[in-house]
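Below: the structure, in C-alpha coordinates.
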Amino acid sequence: MAIAPPSLHKSLYAKYPCVSHNFRFRHSLRFSCRPFRFTATASSAVSLETDLSIQKNQTEETDLFSCPVCYEPLIRKGPPGLNLAAIYRSGFKCKQCDKSYSSKDTYLDLTVTAGLRDYTEVKPAGTELFRSPFVSFVYERGWRQNFNRRGFPGPDEEFRMAQEYFKPVEGGILVDVSCGSGLFSRKFAKSRTYSGVIALDFSENMLRQCNDFIEQDASILASNMALVRADVSRLPFSSGSIDAVHAGAALHCWPSPLNAVAEISRILRSGGVFVGSTFLRYTSSTPRIIRPFRERVLQNYSYLTEEEIEALCTSCGLANYTRKIQQSFIMFSAQKP
(Lines give C-alpha, C1' and ligand atoms only; values in the text may rest on other atoms or scores of the structure.)
Protein backbone atom coordinates (compact mmCIF):
# COMPACT_ATOMS: atom_id res chain seq x y z
CA MET A 1 0.00 0.00 0.00
CA ALA A 2 1.32 3.41 -0.95
CA ILE A 3 2.59 5.64 1.85
CA ALA A 4 2.91 9.39 1.46
CA PRO A 5 6.57 10.54 1.14
CA PRO A 6 8.15 12.84 3.76
CA SER A 7 7.90 15.83 1.41
CA LEU A 8 4.14 15.32 1.20
CA HIS A 9 3.85 15.18 5.00
CA LYS A 10 5.65 18.55 5.22
CA SER A 11 3.28 20.15 2.73
CA LEU A 12 0.30 18.72 4.60
CA TYR A 13 1.62 20.10 7.86
CA ALA A 14 1.67 23.56 6.31
CA LYS A 15 -1.92 23.03 5.15
CA TYR A 16 -3.13 21.53 8.43
CA PRO A 17 -1.19 23.14 11.33
CA CYS A 18 -2.93 20.88 13.87
CA VAL A 19 -1.20 17.81 12.42
CA SER A 20 2.14 17.25 14.03
CA HIS A 21 5.30 16.40 12.09
CA ASN A 22 5.94 13.73 14.68
CA PHE A 23 3.50 10.84 14.28
CA ARG A 24 4.55 9.11 17.50
CA PHE A 25 1.80 9.08 20.09
CA ARG A 26 1.95 8.68 23.83
CA HIS A 27 -1.29 7.31 25.12
CA SER A 28 -0.82 8.51 28.71
CA LEU A 29 -2.98 11.54 29.44
CA ARG A 30 -0.78 12.69 32.28
CA PHE A 31 1.46 15.64 31.77
CA SER A 32 4.33 17.15 33.71
CA CYS A 33 3.73 19.74 36.40
CA ARG A 34 7.36 20.27 37.34
CA PRO A 35 8.10 23.59 39.07
CA PHE A 36 9.49 26.36 36.90
CA ARG A 37 13.12 27.30 37.52
CA PHE A 38 14.78 30.43 36.32
CA THR A 39 18.12 32.20 36.99
CA ALA A 40 18.09 35.99 37.02
CA THR A 41 20.75 36.79 34.43
CA ALA A 42 20.44 38.92 31.32
CA SER A 43 21.08 36.02 28.93
CA SER A 44 18.59 33.69 30.63
CA ALA A 45 15.96 36.44 30.73
CA VAL A 46 16.21 36.87 26.96
CA SER A 47 16.06 33.10 26.51
CA LEU A 48 13.04 32.88 28.82
CA GLU A 49 11.18 35.60 26.91
CA THR A 50 11.84 33.83 23.62
CA ASP A 51 10.76 30.44 24.99
CA LEU A 52 7.52 31.88 26.37
CA SER A 53 6.78 33.52 23.04
CA ILE A 54 7.28 30.23 21.22
CA GLN A 55 5.18 28.39 23.80
CA LYS A 56 2.32 30.86 23.40
CA ASN A 57 2.33 30.40 19.63
CA GLN A 58 2.28 26.65 20.03
CA THR A 59 -0.53 26.46 22.55
CA GLU A 60 -3.06 28.84 20.96
CA GLU A 61 -3.76 28.42 17.26
CA THR A 62 -6.54 28.08 14.72
CA ASP A 63 -7.53 24.42 14.53
CA LEU A 64 -8.74 22.01 11.86
CA PHE A 65 -12.01 21.70 13.79
CA SER A 66 -14.71 24.33 13.34
CA CYS A 67 -17.71 25.44 15.36
CA PRO A 68 -20.84 23.44 14.44
CA VAL A 69 -22.93 26.57 15.02
CA CYS A 70 -21.21 29.09 12.72
CA TYR A 71 -18.52 26.96 11.02
CA GLU A 72 -15.75 29.33 12.08
CA PRO A 73 -12.40 27.61 12.82
CA LEU A 74 -11.99 26.96 16.53
CA ILE A 75 -9.18 28.45 18.57
CA ARG A 76 -7.30 25.70 20.34
CA LYS A 77 -5.47 26.03 23.66
CA GLY A 78 -3.31 23.06 24.50
CA PRO A 79 -0.72 20.75 22.96
CA PRO A 80 -0.81 20.48 19.15
CA GLY A 81 -1.47 17.22 17.35
CA LEU A 82 -4.32 15.13 16.00
CA ASN A 83 -4.25 12.34 18.58
CA LEU A 84 -6.21 11.27 21.64
CA ALA A 85 -3.83 12.62 24.28
CA ALA A 86 -3.31 16.06 22.69
CA ILE A 87 -7.02 16.64 22.11
CA TYR A 88 -7.94 15.40 25.59
CA ARG A 89 -5.66 18.04 27.09
CA SER A 90 -6.89 20.86 24.83
CA GLY A 91 -9.75 23.33 25.03
CA PHE A 92 -11.54 24.72 21.98
CA LYS A 93 -13.45 27.96 21.59
CA CYS A 94 -15.22 29.82 18.80
CA LYS A 95 -14.37 33.53 18.76
CA GLN A 96 -17.49 34.34 16.78
CA CYS A 97 -20.22 32.78 18.96
CA ASP A 98 -18.11 32.39 22.12
CA LYS A 99 -19.10 28.73 22.50
CA SER A 100 -16.55 26.43 24.13
CA TYR A 101 -15.91 22.74 23.48
CA SER A 102 -13.83 20.15 25.30
CA SER A 103 -13.21 16.44 25.57
CA LYS A 104 -15.73 14.34 27.42
CA ASP A 105 -14.54 10.94 28.58
CA THR A 106 -12.44 9.84 25.61
CA TYR A 107 -13.87 11.93 22.78
CA LEU A 108 -14.19 15.59 21.78
CA ASP A 109 -17.84 16.68 21.80
CA LEU A 110 -18.49 19.02 18.84
CA THR A 111 -22.28 18.81 18.74
CA VAL A 112 -24.43 21.95 18.93
CA THR A 113 -25.86 20.63 22.21
CA ALA A 114 -22.41 20.14 23.79
CA GLY A 115 -22.41 21.45 27.35
CA LEU A 116 -26.19 22.02 27.54
CA ARG A 117 -27.99 20.80 30.67
CA ASP A 118 -31.49 22.16 30.22
CA TYR A 119 -32.15 20.93 26.69
CA THR A 120 -32.17 17.46 25.15
CA GLU A 121 -33.07 16.40 21.65
CA VAL A 122 -34.36 12.94 20.77
CA LYS A 123 -33.36 11.64 17.36
CA PRO A 124 -35.31 9.14 15.21
CA ALA A 125 -35.43 5.53 16.41
CA GLY A 126 -32.83 4.42 13.87
CA THR A 127 -30.34 6.90 15.31
CA GLU A 128 -31.20 6.36 18.97
CA LEU A 129 -30.79 2.59 18.61
CA PHE A 130 -27.05 2.94 18.04
CA ARG A 131 -26.62 5.12 21.13
CA SER A 132 -27.50 2.07 23.24
CA PRO A 133 -24.60 0.59 25.25
CA PHE A 134 -25.78 -2.90 24.31
CA VAL A 135 -25.85 -2.28 20.56
CA SER A 136 -22.47 -0.52 20.75
CA PHE A 137 -21.00 -3.56 22.50
CA VAL A 138 -22.39 -6.21 20.13
CA TYR A 139 -21.87 -4.27 16.88
CA GLU A 140 -18.52 -5.95 16.13
CA ARG A 141 -19.36 -9.02 18.18
CA GLY A 142 -22.07 -10.48 15.97
CA TRP A 143 -24.26 -7.61 14.69
CA ARG A 144 -22.06 -6.54 11.76
CA GLN A 145 -21.43 -10.15 10.66
CA ASN A 146 -25.11 -10.50 9.69
CA PHE A 147 -24.60 -7.96 6.89
CA ASN A 148 -23.04 -10.74 4.81
CA ARG A 149 -26.51 -12.19 4.24
CA ARG A 150 -27.44 -9.08 2.27
CA GLY A 151 -24.35 -9.07 0.07
CA PHE A 152 -21.79 -7.18 2.15
CA PRO A 153 -18.41 -8.78 1.31
CA GLY A 154 -16.98 -8.38 4.83
CA PRO A 155 -14.89 -5.64 6.52
CA ASP A 156 -11.53 -6.62 5.00
CA GLU A 157 -12.82 -6.59 1.42
CA GLU A 158 -14.88 -3.44 2.02
CA PHE A 159 -11.77 -1.72 3.37
CA ARG A 160 -9.77 -2.79 0.31
CA MET A 161 -12.48 -1.45 -2.01
CA ALA A 162 -12.60 1.88 -0.15
CA GLN A 163 -8.82 2.22 -0.29
CA GLU A 164 -8.96 1.87 -4.07
CA TYR A 165 -11.41 4.75 -4.28
CA PHE A 166 -9.28 6.86 -1.91
CA LYS A 167 -6.02 6.53 -3.85
CA PRO A 168 -6.24 10.11 -5.26
CA VAL A 169 -6.25 11.56 -1.71
CA GLU A 170 -3.65 9.40 0.03
CA GLY A 171 -1.68 11.40 2.59
CA GLY A 172 -4.58 13.73 3.39
CA ILE A 173 -7.07 14.03 6.26
CA LEU A 174 -9.81 11.38 6.33
CA VAL A 175 -13.06 11.68 8.30
CA ASP A 176 -14.95 8.45 8.98
CA VAL A 177 -18.49 9.71 9.58
CA SER A 178 -20.95 7.50 11.48
CA CYS A 179 -17.93 5.40 12.37
CA GLY A 180 -19.79 3.29 14.94
CA SER A 181 -17.30 1.36 17.04
CA GLY A 182 -14.50 2.42 14.71
CA LEU A 183 -14.28 -0.78 12.65
CA PHE A 184 -13.02 1.07 9.57
CA SER A 185 -11.55 4.09 11.38
CA ARG A 186 -9.02 1.79 13.00
CA LYS A 187 -8.18 0.14 9.68
CA PHE A 188 -7.62 3.53 8.04
CA ALA A 189 -5.41 4.69 10.92
CA LYS A 190 -3.46 1.44 11.03
CA SER A 191 -2.73 1.62 7.29
CA ARG A 192 -0.70 4.84 7.79
CA THR A 193 -2.08 5.96 4.42
CA TYR A 194 -3.41 9.26 5.78
CA SER A 195 -1.86 12.11 7.74
CA GLY A 196 -4.80 12.00 10.13
CA VAL A 197 -7.98 9.98 10.71
CA ILE A 198 -11.01 11.39 12.55
CA ALA A 199 -13.50 8.81 13.82
CA LEU A 200 -16.80 10.69 14.06
CA ASP A 201 -20.15 9.50 15.37
CA PHE A 202 -23.22 10.86 17.16
CA SER A 203 -23.33 7.93 19.59
CA GLU A 204 -21.37 8.47 22.81
CA ASN A 205 -21.28 4.73 23.52
CA MET A 206 -19.99 3.85 20.05
CA LEU A 207 -17.09 6.26 20.56
CA ARG A 208 -16.33 4.78 23.99
CA GLN A 209 -16.34 1.32 22.44
CA CYS A 210 -14.02 2.57 19.70
CA ASN A 211 -11.62 3.86 22.34
CA ASP A 212 -11.67 0.48 24.12
CA PHE A 213 -10.59 -1.23 20.88
CA ILE A 214 -7.88 1.38 20.28
CA GLU A 215 -6.40 0.79 23.73
CA GLN A 216 -5.97 -2.88 22.85
CA ASP A 217 -3.87 -2.19 19.75
CA ALA A 218 -0.50 -0.48 20.25
CA SER A 219 -0.07 0.09 16.50
CA ILE A 220 -3.18 2.29 16.43
CA LEU A 221 -2.11 4.14 19.57
CA ALA A 222 0.94 5.33 17.62
CA SER A 223 -1.20 6.86 14.85
CA ASN A 224 -2.73 10.29 14.34
CA MET A 225 -6.33 9.49 15.20
CA ALA A 226 -9.01 11.49 16.99
CA LEU A 227 -12.47 10.60 18.33
CA VAL A 228 -15.15 13.24 17.78
CA ARG A 229 -18.84 13.32 18.60
CA ALA A 230 -20.77 15.28 15.96
CA ASP A 231 -23.95 15.31 13.92
CA VAL A 232 -23.46 14.26 10.29
CA SER A 233 -25.86 17.02 9.24
CA ARG A 234 -23.73 19.62 11.08
CA LEU A 235 -20.11 18.60 10.54
CA PRO A 236 -17.56 20.59 12.61
CA PHE A 237 -15.14 21.43 9.78
CA SER A 238 -14.59 24.46 7.60
CA SER A 239 -15.71 24.33 3.99
CA GLY A 240 -13.16 22.73 1.69
CA SER A 241 -10.90 21.52 4.51
CA ILE A 242 -11.14 17.71 4.29
CA ASP A 243 -9.56 15.36 1.74
CA ALA A 244 -11.60 12.19 2.23
CA VAL A 245 -14.91 11.19 3.84
CA HIS A 246 -15.96 7.59 4.49
CA ALA A 247 -19.40 6.41 5.58
CA GLY A 248 -19.57 2.62 5.96
CA ALA A 249 -23.05 1.07 6.22
CA ALA A 250 -24.35 4.41 7.44
CA LEU A 251 -26.46 6.23 4.84
CA HIS A 252 -29.67 4.35 5.71
CA CYS A 253 -29.39 5.41 9.39
CA TRP A 254 -29.26 9.17 8.71
CA PRO A 255 -32.48 11.14 9.44
CA SER A 256 -31.86 13.17 6.26
CA PRO A 257 -29.40 11.67 3.76
CA LEU A 258 -29.78 14.79 1.63
CA ASN A 259 -28.61 17.13 4.41
CA ALA A 260 -25.78 14.77 5.34
CA VAL A 261 -24.40 14.44 1.81
CA ALA A 262 -24.70 18.22 1.34
CA GLU A 263 -22.57 18.67 4.47
CA ILE A 264 -20.03 16.14 3.24
CA SER A 265 -19.81 17.98 -0.07
CA ARG A 266 -19.32 21.28 1.79
CA ILE A 267 -16.32 20.11 3.81
CA LEU A 268 -14.56 18.32 0.95
CA ARG A 269 -11.80 20.23 -0.80
CA SER A 270 -11.62 20.31 -4.59
CA GLY A 271 -10.58 16.82 -5.65
CA GLY A 272 -11.73 15.34 -2.34
CA VAL A 273 -13.39 11.91 -2.37
CA PHE A 274 -16.55 10.63 -0.65
CA VAL A 275 -16.97 6.85 -0.32
CA GLY A 276 -20.08 5.31 1.20
CA SER A 277 -21.78 1.95 1.52
CA THR A 278 -25.33 1.03 2.46
CA PHE A 279 -28.22 -1.35 1.89
CA LEU A 280 -30.28 -0.81 -1.26
CA ARG A 281 -34.05 -0.74 -0.94
CA TYR A 282 -34.14 -2.94 -4.00
CA THR A 283 -32.11 -3.43 -7.18
CA SER A 284 -32.99 -3.60 -10.86
CA SER A 285 -33.15 -7.40 -10.52
CA THR A 286 -35.70 -7.31 -7.67
CA PRO A 287 -39.10 -8.52 -8.97
CA ARG A 288 -41.57 -5.65 -9.17
CA ILE A 289 -44.14 -7.60 -7.18
CA ILE A 290 -41.75 -7.66 -4.19
CA ARG A 291 -40.69 -3.98 -4.30
CA PRO A 292 -43.76 -2.52 -2.50
CA PHE A 293 -43.36 -5.13 0.26
CA ARG A 294 -39.70 -4.16 0.77
CA GLU A 295 -40.65 -0.48 0.97
CA ARG A 296 -43.14 -1.18 3.80
CA VAL A 297 -40.78 -3.46 5.74
CA LEU A 298 -37.84 -1.03 5.55
CA GLN A 299 -39.73 2.19 6.19
CA ASN A 300 -37.97 2.85 9.53
CA TYR A 301 -34.70 3.45 7.67
CA SER A 302 -33.72 5.58 4.68
CA TYR A 303 -32.98 2.71 2.31
CA LEU A 304 -32.53 4.17 -1.16
CA THR A 305 -32.32 2.83 -4.69
CA GLU A 306 -29.17 3.00 -6.81
CA GLU A 307 -30.70 5.82 -8.88
CA GLU A 308 -31.60 7.82 -5.76
CA ILE A 309 -28.06 7.58 -4.36
CA GLU A 310 -26.55 8.83 -7.61
CA ALA A 311 -29.07 11.68 -7.77
CA LEU A 312 -28.30 12.51 -4.13
CA CYS A 313 -24.58 12.88 -4.87
CA THR A 314 -24.95 14.88 -8.08
CA SER A 315 -27.56 17.22 -6.59
CA CYS A 316 -25.09 18.04 -3.78
CA GLY A 317 -22.37 19.06 -6.24
CA LEU A 318 -20.38 15.80 -6.41
CA ALA A 319 -19.14 14.33 -9.68
CA ASN A 320 -17.48 11.20 -11.11
CA TYR A 321 -20.01 8.94 -9.44
CA THR A 322 -19.23 5.22 -9.60
CA ARG A 323 -20.54 2.20 -7.74
CA LYS A 324 -20.22 -1.54 -7.11
CA ILE A 325 -23.30 -3.63 -6.29
CA GLN A 326 -23.68 -7.12 -4.85
CA GLN A 327 -27.22 -8.20 -3.91
CA SER A 328 -28.47 -5.41 -1.58
CA PHE A 329 -24.95 -4.07 -0.92
CA ILE A 330 -23.73 -0.96 -2.69
CA MET A 331 -20.43 0.86 -2.34
CA PHE A 332 -20.25 4.15 -4.20
CA SER A 333 -17.76 6.93 -4.69
CA ALA A 334 -18.08 10.55 -5.79
CA GLN A 335 -15.61 13.41 -6.04
CA LYS A 336 -15.73 17.14 -5.35
CA PRO A 337 -14.95 18.99 -8.61
Side-chain angles (χ1 to χ4, degrees), residues 12-19 61-76 82 87 92 94 96-97 99 101 107-112 114 162 165-166 168-180 184-185 188-189 193-202 207 224-248 250-251 253-278 309 312-321 332-337:
L12 285 167
Y13 180 79
K15 185 178 180 182
Y16 304 106
C18 69
V19 180
E61 60 180 13
T62 301
D63 205 73
L64 171 67
F65 300 117
S66 293
C67 175
V69 176
C70 57
Y71 295 135
E72 288 296 314
L74 296 175
I75 300 301
R76 177 174 179 171
L82 190 64
I87 291 176
F92 300 82
C94 177
Q96 177 134 339
C97 67
K99 188 173 176 65
Y101 303 89
Y107 58 85
L108 174 62
D109 193 341
L110 292 179
T111 59
V112 176
Y165 284 131
F166 282 136
V169 290
E170 287 181 353
I173 298 289
L174 181 145
V175 179
D176 189 17
V177 298
S178 297
C179 68
F184 291 100
S185 306
F188 288 127
T193 310
Y194 310 95
S195 57
V197 173
I198 299 171
L200 183 149
D201 203 282
F202 188 75
L207 292 170
N224 272 8
M225 183 176 176
L227 303 183
V228 174
R229 181 175 183 245
D231 190 333
V232 70
S233 64
R234 204 78 188 169
L235 293 172
F237 306 99
S238 299
S239 299
S241 63
I242 301 300
D243 300 280
V245 175
H246 176 261
L251 192 79
C253 296
W254 296 341
S256 173
L258 181 64
N259 286 347
V261 176
E263 268 294 270
I264 289 169
S265 178
R266 179 187 67 80
I267 68 172
L268 281 174
R269 65 165 176 80
S270 178
V273 176
F274 169 41
V275 175
S277 64
T278 186
I309 293 174
L312 189 63
C313 291
T314 55
S315 67
C316 292
L318 299 175
N320 301 327
Y321 176 86
F332 61 91
S333 172
Q335 193 169 33
K336 187 70 174 288

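Owing to the predicted nature of the structure, the values given are computational and were not obtained by experimental measurement.
Checking side-chain atoms of Glu72 against main-chain N and O of Cys94 turns up no donor-acceptor pair under 3.5 Å. Looking only at distances, no side-chain donor or acceptor of Ser66 sits under 3.5 Å from a matching main-chain atom of Pro236. The backbone N or O of Phe237 lies less than 3.5 Å from a partner atom in the side chain of Arg266, making a donor-acceptor pair. In this structure, the side chain of Lys99 engages the main chain of Ala114 through a donor-acceptor pair within 3.5 Å. Using modelled atom types, one side-chain atom of Ser195 and one backbone atom of Gly171 make a donor-acceptor pair closer than 3.5 Å. The backbone N or O of Cys179 lies less than 3.5 Å from a partner atom in the side chain of Asp201, making a donor-acceptor pair.
The only option from Asp243, Val169, Val273, Leu318 that meets the side-chain contact (heavy atoms from CB on, under 4.5 Å) definition with Leu268 turns out to be Leu318. Among Val175, Asn224, Asp176, the single residue meeting the side-chain contact (heavy atoms from CB on, under 4.5 Å) criterion with Ile198 is Val175.
Residues Tyr321 and Ile309 share a closest heavy-atom pair of OH-CG2, 3.7 Å. Pairing each heavy atom of Arg234 with each of Pro68, the nearest pair is NE-O, 2.6 Å. Between Glu170 and Thr193, the shortest heavy-atom contact is CG-CG2, 3.4 Å. Minimum heavy-atom separation, Asn320 to Gln335: ND2-OE1, 3.0 Å. Residues Met225 and Ala189 come closest through the heavy atom pair SD-CB, 3.7 Å. Looking at every heavy atom in both residues, Phe202 comes nearest to Arg229 through O-NE, 2.7 Å.
No side-chain heavy atom of Ser241 sits under 4.5 Å from any side-chain heavy atom of Ile173. Considering only heavy atoms from C-beta on, Trp254 stays 4.5 Å or farther from Thr278 through its side chain. Residues Val261 and Leu251 form a side-chain contact, since some pair of their non-hydrogen atoms from C-beta on lies under 4.5 Å apart. Between Cys67 and Cys97 the shortest side-chain heavy-atom distance falls below 4.5 Å. Two residues are said to be in side-chain contact when any heavy atoms from C-beta on lie closer than 4.5 Å; Leu64 and Ile242 meet this criterion. In this structure, the side chains of Phe65 and Leu82 come closer than 4.5 Å at one or more pairs of heavy atoms.
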| field | Derivation of the side-chain contact (heavy atoms from CB on, under 4.5 Å) call for Val177 and Val245 | value | CA-CA 7 Å; Val177 298; Val245 175; 4.0 Å; yes

| message | Run Ile264 and Cys316 through side-chain contact (heavy atoms from CB on, under 4.5 Å) and show every step you take. | response | CA-CA 9 Å; Ile264 289 169; Cys316 292; over 6 Å; no

| task | Kindly indicate, with the supporting measurements, whether the criterion ring-ring contact (aromatic ring centres under 6.0 Å, His included) is fulfilled by Phe274 and Tyr165. | result | CA-CA 9 Å; Phe274 169 41; Tyr165 284 131; over 10 Å; no

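Remark: Ser238 OG to Ile267 CD1 distance equals 10.0 Å, nearest 0.5 Å.
Ring geometry, Phe184 versus His246: the interplanar angle falls from 30° to 60°, so the pair is classed tilted.
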